[in-house]
Amino acid sequence: MPELPEVETMCRGIAPLVGRKIVAAGRLPCQRRPIAVTPGPAGWKSRVVGQKIDRIDRVGKRVVIVLSNQERIVFEPRMTGLVLMAEPPSIEHLRFHVDVSTRKEPLQLRFWDRRGLGSVRLYSAQEFESAFQSGKIGPDALAVSPAQLKECFAGCRQSIKPALLDQKRLAGVGNLYASELLFSAGVHPAIRCHRLTDKQWKAIHKTMLKVLRTAIRYEGSTLGDGTYRNALNKAGGYQNKHRVYNREGLPCPVCTTPIQRFVQTQRATFYCPNCQADALGQLEEPTSWES
DNA sequence: CGTTCAACCTGGGCGC
DNA sequence: TGCGCCCAGGTTGAAC
């Protein structure tokens with residue numbers, strides 16, 4: 001679930017931890033398969049306890065805790081992981097925690113993950129540098145200029161929607177926001193990158209920033225299963241603003257044409273066949289993306 | 001090299 | 001009520 005807006009909300013939610021000192025860290029006993037923690041919990045204590053939290057960064061869809069010794073704790077929520085300071089939705093899915101000291105009362109930083117596809121990893125400064133250097137992950141979706149955005153997809157012949165999900169090209173956009181931003185840009189999700197006009201790239205850039213920033217303001221999207229929560233275990237609000245995602249058959253908010261759903265590289269895509277029509281004839285294979 | 005697909009997991013929703 | 005199947009915000013690595 002968590003895409004850029006949700007992960008950004010997690011980062012902002014745990015900002016009160018900055019400047020405080022870690023007093024304990026470890027994987028909690030869990031009846032489920034334990035979350036992937038690298039290195040093993042035993043190796044954590046000597047490297048983490050006593051360190052101050054200098055800063056909290058976001059790298060694409062990951063939360064990065066920067067410690068005073070320059071090591072990094074990286075939370076990768078994947079589909080259902082949550083970074084919490086509040087009580088978790090259910091205790092049996094709580095798989096990792098860090099206790100952080102404070103003058104008044106202790107705070108806890110927890111990683112909760114229902115499906116357990118996420119991970120927690122501790123990196124040395126050097127390991128972090130090489131793991132997230134350019135080439136391994138693209139520039140952040142909120143930080144690119146229109147020209148840089150186009151450059152991210154230079155030479156790409158893939159359809160735009162699945163291409164937007166490629167974190168090596170551009171970091172942060174996921175399945176939900178890809179559909180939403182292409183709708184706002186009026187661009188058909190199956191048009192191949194190399195056929196997009198400069199005007200369309202500019203529209204994609206503009207609507208990408210707008211959609212992501214607005215979603216951050218609403219603290220992300222909590223879908224029907226209610227899994228996504230901010231750091232204080234509160235649901236987001238952007239799901240009420242979705243214009244095409246999960247709205248198959250419902251009227252387009254602009255033209256009332258029924259929203260359509262189809263599958264691209266195993267992921268659901270939602271779009272309006274009227275607002276995102278192939279007006280410029282850029283779809284070379286008109287039937288390949290159907291059904 | 002690009003793309004396709006199964007796999008990693010849990011649980012909600014649906015049809016029968 | 002229950003069972004089986006399909007679906008889900010992401011990512012990886014193997015197989016074409």
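Order of the sequence lines sets the chain letters (A, B, ...), proteins ahead of strands, with each chain counted from 1.
In this structure, A/Glu219 contributes its side chain and A/Arg229 its backbone to no donor-acceptor pair below 3.5 Å. Without hydrogens or angle criteria, A/Ser159 side chain to A/Arg192 main chain gives no donor-acceptor distance under 3.5 Å. Between the side chain of A/Gln133 and the main chain of A/Ala131, no donor-acceptor pair closer than 3.5 Å is present.
With A/Val187 as the fixed residue, the side chain to side chain contact (heavy atoms under 4.5 Å, CB included) test singles out one of A/Leu196, A/Leu280, A/Leu181, A/Asp278: A/Leu196.
Ring centroids of A/Phe111 and A/His97 are separated by 6.0 Å or more, keeping the two rings apart. Residues A/Phe262 and A/Tyr271 place their aromatic rings such that the two centres sit under 6.0 Å apart. Aromatic ring centroids of A/Phe96 and A/Trp112 lie 6.0 Å or more apart.
Of the charged side-chain nitrogens involved, at least one lies within less than 4.0 Å of a carboxylate oxygen, so that A/Arg55 and A/Asp57 count as a salt-bridged pair.
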Less than 3.5 Å apart, which donor and acceptor atoms pair up between the side chains of residues 240-251 of chain A and the rest of the protein, not counting sequence neighbours?
| residue | atom | partner | partner atom | Å |
| --- | --- | --- | --- | --- |
| A/His242 | NE2 | A/Ser221 | OG | 2.8 |
| A/Arg243 | NH2 | A/Ser184 | OG | 3.0 |
| A/Arg247 | NE | A/Arg243 | O | 3.4 |

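Summarising the geometry, the separation between CG on A/Asn246 and P on B/dC14 is reported as 12 Å, rounded to the nearest angstrom. Between the CD atom of A/Glu248 and the P atom of B/dG13 there is a distance of 18 Å, rounded to whole Å. Taking atom CZ of A/Arg58 as the reference point, atom P of C/dG10 lies 14 Å away to the nearest angstrom. Remark: C1' of C/dA8 and CZ of A/Arg261 are 10 Å apart, rounded to the nearest angstrom. Atom P of nucleotide C/dG10 and atom CE of A/Met10 are separated by 12 Å, given to the nearest angstrom. In this entry the distance linking CD1 of A/Ile137 with C1' of C/dT11 reads 11 Å, nearest Å. If you take CG of A/Asp225 and C1' of C/dC6, they are 15 Å apart, rounded to a whole angstrom. Here the C1' atom of nucleotide B/dT10 and the CD atom of A/Glu92 are 11 Å apart, to the nearest Å.
Contact check of residues 74-82 of chain A against DNA chain C (heavy atom, cut-off under 4.0 Å) returns A/Glu76, A/Arg78, A/Met79. Of the residues in residues 112-120 of chain A, those with a non-hydrogen atom less than 4.0 angstrom from any atom of DNA chain B are A/Arg114, A/Arg115, A/Leu117.
The two residues A/Ile14 and A/Val63 come nearest to each other via the heavy atoms CD1-CG1, 4.0 Å.
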* Would you check, one step at a time, whether the test side-chain contact (heavy atoms from CB on, under 4.5 Å) holds for A/Ile56 with A/Val18? => CA-CA 7 Å; A/Ile56 293 164; A/Val18 172; 3.8 Å; yes

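Defined by atom type and a distance below 3.5 Å, a donor-acceptor pair is present between the side-chain atoms of A/Asn175 and A/Lys161.
Nearest nucleotide to the A/His93 side chain, out of C/dA8, C/dG10, B/dT10: B/dT10.
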* Using Watson-Crick or G-U wobble pairs with both distances under 3.5 Å, give me DNA chain C in dot-bracket, 5' to 3', with [ ] for crossers and | for pairs to another strand. => .|||||||.|||||||

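Residue pairs that meet the salt bridge (Lys or Arg N to Asp or Glu O under 4.0 Å) test with at least one member in residues 59-81 of chain A, sequence neighbours left out, are A/Arg47-A/Glu71, A/Arg62-A/Glu76, A/Glu76-A/Arg78.
For A/Phe132, the CZ atom sits in a packed shell: over 12 heavy atoms of surrounding residues, nucleotides or ligands are nearer than 6.0 Å.
When the P atom is used for both B/dC1 and C/dT11, the distance is 22 Å, rounded to whole Å.
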Protein-nucleotides 1-7 of chain B N/O pairs under 3.5 Å:
| residue | atom | partner | partner atom | Å |
| --- | --- | --- | --- | --- |
| B/dA6 | N7 | A/Gln266 | NE2 | 3.3 |

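Backbone-only engagement by A/Tyr245 is indicated by non-hydrogen atom pairs under 4.0 Å involving sugar-phosphate atoms exclusively.
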